[in-house]
Each structure stands twice: as structure tokens, then as C-alpha cells.
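FYI, side chains are in, hydrogens and waters are out, and symmetry mates aren't considered; it's all heavy atoms of this structure.
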Amino acid sequence: MSANAQTKATAKYQQKVGLVSKSYKLRKEIVDAYAAACKKAGVSAAGQLTKMMTAFIDETEKEK
């Protein structure tokens with residue numbers, strides 16, 4: 001079964017802009033609380049995760 005045109009276009013766009021999908025095993029309670037906190041703050045979960053990852057990278061780079 002081949003992918004439809006929209007699926008192919010989405011994959012092509014994601015590759016072009018450098019998006020990757022990652023899978024992590026996390027406790028449900030943490031994931032649910034994080035999703036609720038993001039909703040309460042009015043931010044996207046992916047956007048907030050990106051901010052936290054970037055801040056952590058910056059912090060560890062300063063330690064070198």
C-alpha cells in the first residue's frame with residue numbers, strides 16, 4: 001500500500017525543514033501533568049519541550 005500525496009508532501013516538508021520524530025518512554029503521570037501545564041500556560045507541548053531542550057544545551061555548553 002503506497003502513501004497518498006498528502007503524506008508524501010508532509011514527509012518531504014518535514015525533511016526539508018529538519019523535523020524529526022522521537023519516541024521516549026515516560027511515566028504517564030508526568031506526561032499528563034506536562035500536557036495540562038502546557039495547556040494552562042497556553043503553549044504547545046512541542047514548543048515548550050524545544051525551549052527546555054535548548055536551555056539545557058546552552059547550560060551544558062557553558063560548563064565546558
Among pairs that include at least one residue of residues 25-37, which meet side chain to side chain donor-acceptor pair (under 3.5 Å), considering only residues two or more places apart or in two chains?
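Matches after skipping sequence neighbours: Lys28-Asp32.
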Tell me, please, which residues at least two apart from Gln6 pass side-chain contact (heavy atoms from CB on, under 4.5 Å).
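side-chain contact (heavy atoms from CB on, under 4.5 Å) list for Gln6, sorted by chain: Asn4, Thr10.
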Who else is in the cluster with Ile57 when I, L, V, M, F, W and Y are joined by side-chain contacts under 4.5 Å?
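So far as hydrophobic clustering goes, Ile57 is joined with none.
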Side-chain hydrophobic cluster, 4.5 Å single linkage: members besides Phe56
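None, because no other hydrophobic side chain comes under 4.5 Å of this residue.
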Listing, residues 11-20 side-chain donor-acceptor contacts under 3.5 Å, not counting sequence neighbours, or none:
none

Just how far is it from atom CD of Glu63 to atom CD of Glu61, taken to the nearest 0.5 Å?
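Answer for the CD-CD pair, Glu63 versus Glu61, is 9.5 Å.
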For a quick test of your reading: what N or O donor-acceptor pairs under 3.5 Å do the side chains of residues 35-54 make, sequence neighbours left out?
{"unit_1": "Ser44", "atom_1": "OG", "unit_2": "Gly47", "atom_2": "N", "d": "2.9"}
{"unit_1": "Thr50", "atom_1": "OG1", "unit_2": "Ala46", "atom_2": "O", "d": "2.9"}
{"unit_1": "Thr54", "atom_1": "OG1", "unit_2": "Thr50", "atom_2": "O", "d": "2.9"}

